[in-house]
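Encoded as structure tokens, the structure appears first; notes follow it.
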Amino acid sequence: MKKAAVIGNIIFIYLAALLPVLLFANGKSIIVTFLWENLFSNNIFVPLILLLFFGILMYIINILFLLQARQGRWSARELARTNMIVKLAQIPAYVFIFVVGVICMIMIFTVGITFMFALLDAFSLGMTGLYALAVFYRLRKEYIISTKMQICYALASFVFCADVIAAILGYRICANAEQQKNCSI
């Protein structure tokens with residue numbers, strides 16, 4: 001379940017970043033043209049709907065993962081490490097989407113694409129935020145962070161850019177706590 005959540009969370013945002021490539025490279029690449037004509041029927045809503053269905057599936061997987069993690073199936077360090085990896089692996093896709101969104105915002109007729117990307121980014125952030133909830137719950141359950149810190153980190157996990165910082169800090173706190181525990185033995 002953890003691997004499915006990790007891989008799916010990373011893949012979702014890269015699939016979203018692939019949408020403008022499909023849209024703007026149609027007719028310029030044989031592969032894109034083939035996909036566009038034969039798989040998507042020259043309709044942007046087909047890949048968008050497929051992406052949203054994949055996103056809904058990922059939300060379900062993340063909720064199931066959250067329930068399993070609350071039962072203590074994985075250690076806090078393992079969860080904090082994978083959360084940090086997911087957040088860092090998504091940065092290039094978010095940067096690409098941001099750049100395309102800014103370019104589309106400058107052009108008057110493509111503002112809708114910018115709005116669509118903002119919604120997809122928020123959708124993706126919600127998915128990885130659910131994953132992070134499990135991480136910070138485990139950190140509190142293992143007495144590594146306080147309840148107040150858990151709430152702050154969990155809320156930060158649903159805010160752009162703050163989610164990456166929270167993931168890195170969560171991992172560092174966990175690694176430091178584990179190192180102190182090993183030193184005292």
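Excluded from the calculations below are hydrogen atoms, water molecules and symmetry mates; all remaining heavy atoms, backbone and side chain alike, are included.
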List the atom of [X], the atom of [Y], and the distance in Å for their closest heavy-atom pair.
| X | Y | result |
| --- | --- | --- |
| K87 | A167 | CG-CB, 3.7 Å |
| A69 | A134 | CB-CB, 3.6 Å |
| A89 | I10 | CB-CD1, 4.0 Å |
| I13 | A93 | CG2-CB, 3.8 Å |
| R70 | R138 | O-NH1, 3.8 Å |
| A156 | A166 | CB-CB, 4.0 Å |

4.5 Å side-chain heavy-atom contact, [X] and [Y]:
| X | Y | result |
| --- | --- | --- |
| V135 | T82 | no |
| V111 | M105 | yes |
| F136 | L139 | yes |
| Y131 | K2 | yes |
| F53 | L57 | no |
| L133 | N62 | no |
| F117 | V100 | yes |
| V21 | F96 | yes |

K148 and I151: CA distance, side-chain angles, deciding distance, side-chain contact (heavy atoms from CB on, under 4.5 Å) verdict: CA-CA 5 Å; K148 186 177 178 181; I151 292 169; 5.9 Å; no
OH (Y14) with more than 12 external heavy atoms under 6.0 Å: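 Counting other residues, nucleotides and ligands, OH of Y14 exceeds 12 neighbours.
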Over 12 non-hydrogen atoms of neighbours within 6.0 angstrom of CZ in F160: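 Enclosed: over 12 neighbouring heavy atoms sit under 6.0 Å from CZ of F160.
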Interatomic spacing from [atom1] in [X] to [atom2] in [Y] - rounded to 0.5 Å:
| X | Y | atom1 | atom2 | result |
| --- | --- | --- | --- | --- |
| S75 | I144 | OG | CD1 | 8.5 Å |
| L169 | C174 | CG | SG | 12.5 Å |
| M58 | F65 | CE | CZ | 10.5 Å |
| R77 | I173 | CZ | CD1 | 13.0 Å |
| I97 | L18 | CD1 | CG | 10.0 Å |

In one Ile/Leu/Val/Met/Phe/Trp/Tyr side-chain cluster, 4.5 Å: [X], [Y]:
| X | Y | result |
| --- | --- | --- |
| F109 | I106 | no |
| I165 | L125 | yes |
| I7 | M84 | no |
| L66 | W74 | yes |
| F158 | I91 | no |

Would a distance-only check, ignoring hydrogens and angles, find a side-chain to backbone donor-acceptor pair under 3.5 Å from [X] to [Y]?
| X | Y | result |
| --- | --- | --- |
| S124 | L120 | no |
| Q150 | R140 | no |
| D121 | L119 | no |
| Q90 | V164 | no |
| T114 | G101 | yes |

Trace of the side-chain contact (heavy atoms from CB on, under 4.5 Å) decision for M127 with I61: CA-CA 9 Å; M127 274 191 283; I61 289 173; over 6 Å; no
Ring centres under 6.0 angstrom apart (F12, F123): yes
Audit row: L64, Y59, side-chain contact (heavy atoms from CB on, under 4.5 Å) steps and yes/no: CA-CA 9 Å; L64 293 174; Y59 262 95; over 6 Å; no
Derivation of the side-chain contact (heavy atoms from CB on, under 4.5 Å) call for V6 and N83: CA-CA 8 Å; V6 168; N83 183 45; over 6 Å; no
Y171 six-ring face occupied by R81 cation (under 6.0 Å, within 45°): no
